[in-house]
Protein chains: 2
Amino acid sequence: MTITIYDVAREAKVSMATVSRVVNGNPNVKSATRDRVNEVIQRLNYRPNAVARGLASKKTTTVGVIIPDISNIYYSELARGLEDVAKMYKYQTIISNSDNDPVKEHEIFNNLLSKQVDGIIFLGGTLSGETLKLIESAPVPVVVSGTNDVNETLPAVNIDYYKASSEITERLVKQGLRRFAFVGGGYSAKALKDVQAGMKAVLKANDLTLSDHAIYIGDEQYRDGEKAFSHLKEQKPEAILCISDEQAIGIVHAAQDAGLQVPEDLQIISFNNTRLVQMVRPKLSSVMQPLYDIGAVGMRLLTKYMNDENIEEKNVVLPYKIDYRGTTR
Amino acid sequence: MTITIYDVAREAKVSMATVSRVVNGNPNVKSATRDRVNEVIQRLNYRPNAVARGLASKKTTTVGVIIPDISNIYYSELARGLEDVAKMYKYQTIISNSDNDPVKEHEIFNNLLSKQVDGIIFLGGTLSGETLKLIESAPVPVVVSGTNDVNETLPAVNIDYYKASSEITERLVKQGLRRFAFVGGGYSAKALKDVQAGMKAVLKANDLTLSDHAIYIGDEQYRDGEKAFSHLKEQKPEAILCISDEQAIGIVHAAQDAGLQVPEDLQIISFNNTRLVQMVRPKLSSVMQPLYDIGAVGMRLLTKYMNDENIEEKNVVLPYKIDYRGTTR
DNA sequence: GTGAAAGCGCTAACAC
DNA sequence: GTGTTAGCGCTTTCAC
């Protein structure tokens with residue numbers, strides 16, 4: 001029925017070992033033999049069985065991707081970068097949504113390992129202690145993109161949230177602003193922590209503070225931005241730093257609906273830099289993270305681990321820019 | 001090193017067949033034996049090798065997903081629906097971006113089949129003749145979501161674009177509009193064809209026409225919407241029907257920048273209904289496609305094929321609603 | 001440069 | 001209810 005390496009061998013009058021060599025590009029084959037085998041492969045329309053190969057060679061050329069939510073435009077952009085690089089290196093990607101839920105992450109992890117993936121890439125999200133243990137004890141390399149554990153011990157790729165946040169806060173303080181707020185979500189503990197730390201450091205240096213009342217943590221959705229605004233409005237913030245673009249856009253609209261002028265009365269800047277920032281008016285000011293690259297570089301790093309290449313730097317920090325568009329002065 | 005079914009069998013003093021039965025939930029095992037085996041599995045932290053299982057059973061519980069571009073918010077929404085259902089039925093998904101390029105599609109197809117996926121789901125996009133052949137000759141079931149071939153012979157899930165388009169056009173004509181335009185993109189031949197057909201039928205019935213000058217086909221991106229507007233503006237359309245939300249938003253902004261009032265001078269309505277429609281002001285009028293469901297139902301259909309369940313209807317048409325928001329009167 | 005043969009870890013008859 | 005055995009389709013020594 002399905003045609004196997006054995007059929008090809010018989011037709012080409014060689015052993016299966018030779019067919020295997022041809023298929024795998026092993027140079028130790030006389031070119032006449034090679035041609036003959038290739039002709040038969042062509043004629044029989046032979047397609048190597050990757051499952052059998054995986055069992056025999058203990059390599060599946062498959063990598064697992066654990067992603068909070070592929071329908072989130074921020075993560076889907078990472079996923080695209082990562083898949084392109086995977087393809088470049090001949091890997092397929094099994095993608096699974098975790099909703100950043102440690103229980104689901106655990107399940108996915110087990111499924112992936114059971115499928116004998118050659119490596120795993122863990123995207124964004126918060127690293128629970130349990131998940132961290134899973135990663136550390138995994139029999140295959142794991143790279144995290146867009147987050148890291150608190151001790152930054154994992155192979156990871158990120159931008160410097162702390163620095164970006166400091167820069168922004170610095171600028172706003174220089175404009176004379178005094179009341180700041182922060183809005184984040186459950187997805188990205190690292191961004192959450194670093195952005196707040198950056199703000200607080202600069203504010204403190206200027207005898208200002210970020211009170212707990214000026215911090216809102218939600219779910220990073222558009223609707224949640226509206227909630228964030230109504231939660232924060234009594235504080236009368238003059239500027240809000242917000243992790244998620246969707247949330248930020250929700251805040252802009254909620255503020256406008258409440259009669260505020262953006263950016264005159266309230267400045268807003270976000271950190272995710274998805275394509276959304278260009279699609280709203282006023283255009284959203286944001287930290288330009290190289291999303292595609294964060295995914296791509298993460299996968300490249302993973303390929304290095306999988307092929308035992310030399311790793312110069314396991315904690316990659318990618319450059320960012322800050323684009324002050326319409327929602328800041 | 002890695003622990004196998006054989007190790008478990010030895011430790012539990014049973015045969016590997018019995019371990020296999022326990023692992024696969026076969027009821028023909030005495031519960032005392034089952035408990036003993038499970039205890040050993042637990043203790044040894046045994047994890048079945050899905051690759052070996054796949055080779056032996058000829059089932060991989062893996063499905064392939066061919067998607068034009070996962071970073072496109074429209075497709076990523078489909079992908080999420082599909083993956084959730086796949087997970088529900090214990091399948092993993094290998095996701096690959098095709099950019100709707102027949103050459104890449106061919107490659108992906110071969111990779112997927114080589115990996116012995118149990119089924120393939122083909123998302124959106126245009127079905128080239130070559131790809132159609134690939135699908136028809138595939139050794140595993142294939143379903144398409146969000147598109148179909150011209151003859152509608154494939155297992156597919158869609159909405160009725162023709163009907164939606166007719167309804168919209170009807171309404172606009174009743175308002176007294178006379179100059180219509182259409183904007184589409186290369187991704188979705190079916191939507192492209194059906195929406196135009198729906199428009200044309202209604203226009204014709206009202207002694208109106210959709211001239212070729214009033215049709216713009218681009219790449220469905222935000223920037224492309226701006227191009228579309230400058231291409232169409234000489235026709236002074238009073239209403240534009242547009243497949244993609246991003247494109248439609250680009251048109252809205254371009255029109256506003258050109259001094260037009262939306263919807264007073266120009267009405268715009270789109271068909272993709274991604275979350276974007278809510279995130280712009282004025283809110284974009286659109287056909288509310290059940291994106292998540294199109295993906296989910298597609299995967300459900302595929303599971304039916306893979307498990308030889310009875311198929312009542314292989315060409316599923318899902319309901320839609322039309323939401324007239326801020327960009328129409 | 002090529003072939004023979006032994007697995008990879010599991011499932012699926014089949015026998016008992 | 002449980003064990004034995006023969007593969008699944010390939011890679012990988014090891015000979016020659």
Side-chain angles (χ1 to χ4, degrees), chain A residues 1-38 40-41 44-62 90 110-111 113-118 139-140, chain B residues 1-38 40-41 44-62 90 110-111 113-118 139-140:
Chain A
M1 178 58 240
T2 64
I3 99 111
T4 74
I5 201 172
Y6 187 78
D7 301 317
V8 176
R10 187 168 23 74
E11 282 288 311
K13 301 197 196 316
V14 295
S15 71
M16 15 183 328
T18 299
V19 178
S20 176
R21 289 189 186 98
V22 172
V23 168
N24 293 300
N26 185 318
N28 292 334
V29 182
K30 202 160 45 172
S31 82
T33 319
R34 178 184 306 281
D35 292 348
R36 189 151 38 90
V37 171
N38 275 325
V40 175
I41 287 178
L44 264 46
N45 194 20
Y46 166 67
R47 179 186 293 124
N49 181 325
V51 173
R53 174 183 289 171
L55 183 58
S57 69
K58 297 180 172 302
K59 296 220 166 307
T60 54
T61 63
T62 304
K90 312 283 184 201
N110 280 334
N111 287 148
L113 293 179
S114 161
K115 287 257 155 102
Q116 313 299 117
V117 295
D118 295 337
V140 295
Chain B
M1 176 59 240
T2 62
I3 99 111
T4 74
I5 201 171
Y6 188 78
D7 300 318
V8 176
R10 186 168 23 73
E11 281 289 311
K13 302 198 197 316
V14 295
S15 70
M16 15 182 327
T18 298
V19 178
S20 176
R21 288 190 187 98
V22 172
V23 168
N24 294 298
N26 185 317
N28 291 334
V29 182
K30 201 160 47 171
S31 82
T33 319
R34 177 185 308 281
D35 291 348
R36 188 150 39 89
V37 171
N38 274 325
V40 175
I41 286 178
L44 264 46
N45 194 19
Y46 166 66
R47 179 185 294 124
N49 182 325
V51 173
R53 174 183 290 172
L55 183 58
S57 69
K58 298 181 170 302
K59 295 220 169 304
T60 54
T61 62
T62 304
K90 312 285 185 200
N110 280 333
N111 287 149
L113 293 179
S114 161
K115 287 258 156 102
Q116 314 301 117
V117 294
D118 295 337
V140 296

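Sequence lines set the chain letters: A, B, ... in the order given, protein chains first and strands last, and positions in each chain run from 1.
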_I need the B:Asp7 CG to B:Ile41 CD1 distance, nearest 0.5 Å._
12.0 Å
*asked:* Looking at B:Thr2, I'd like to know whether one of its side-chain N or O atoms comes within less than 4.0 Å of OP1 or OP2 on C:dG9.
replied: yes
Find every protein N or O atom lying less than 3.5 Å from an N or O atom of nucleotides 1-5 of chain C, and list the pairs.
{"unit_1": "C:dT2", "atom_1": "OP1", "unit_2": "A:Thr33", "atom_2": "OG1", "d": "2.4"}
{"unit_1": "C:dT2", "atom_1": "OP2", "unit_2": "A:Lys30", "atom_2": "N", "d": "2.7"}
{"unit_1": "C:dT2", "atom_1": "OP2", "unit_2": "A:Thr33", "atom_2": "OG1", "d": "3.4"}
{"unit_1": "C:dG3", "atom_1": "OP2", "unit_2": "A:Ser15", "atom_2": "N", "d": "2.8"}
{"unit_1": "C:dG3", "atom_1": "OP2", "unit_2": "A:Ser15", "atom_2": "OG", "d": "3.2"}
{"unit_1": "C:dG3", "atom_1": "OP2", "unit_2": "A:Thr18", "atom_2": "OG1", "d": "2.7"}
{"unit_1": "C:dG3", "atom_1": "O6", "unit_2": "A:Arg21", "atom_2": "NH2", "d": "2.5"}

*asked:* Can you measure B:Tyr6 atom OH to C:dT11 atom P for me and round it to whole angstrom units?
replied: 16 Å
*Distance in angstrom units between A:Asn26 CG and D:dT12 C1', rounded*: 11 Å
_Spacing of B:Asp7 atom CG relative to C:dG9 atom P, expressed in whole Å_ = 9 Å
*Rounded to the nearest 0.5 Å, how far does CG of A:Asn110 lie from CZ of B:Arg47?*
5.0 Å
*asked:* Do A:Thr61 and A:Arg53 have side chains that approach each other closer than 4.5 Å (heavy atoms only, starting at C-beta)?
replied: no
*What are the residues of residues 50-59 of chain A, sorted by number, that bring a heavy atom to within less than 4.0 Å of DNA chain D?*
A:Ala52, A:Arg53, A:Ala56, A:Ser57
_Pairwise side-chain contact, A:Ile3 with A:Asn45, heavy-atom cut-off 4.5 Å (strictly under)_ = no
_Rounding to 10°, can you tell me the angle the first-five-pair axis of the helix from C:dG1-D:dC16 to C:dC16-D:dG1 makes with its last-five-pair axis?_
30°
*Roughly how many Å is it from NZ in B:Lys115 to P in D:dC10, rounded to a whole number?*
15 Å
*Euclidean distance, B:Thr2 OG1 relative to A:Gln116 CD, rounded to 0.5 Å*: 7.5 Å
*Is there side-chain contact between A:Thr4 and A:Asn49, with heavy atoms separated by less than 4.5 Å?*
no
*asked:* Less than 4.0 angstrom between a side-chain N/O of A:Ser20 and OP1 or OP2 of D:dC10, yes or no?
replied: no
*Can you check the A:Ile3 CD1 to D:dC10 C1' distance for me, whole Å?*
13 Å
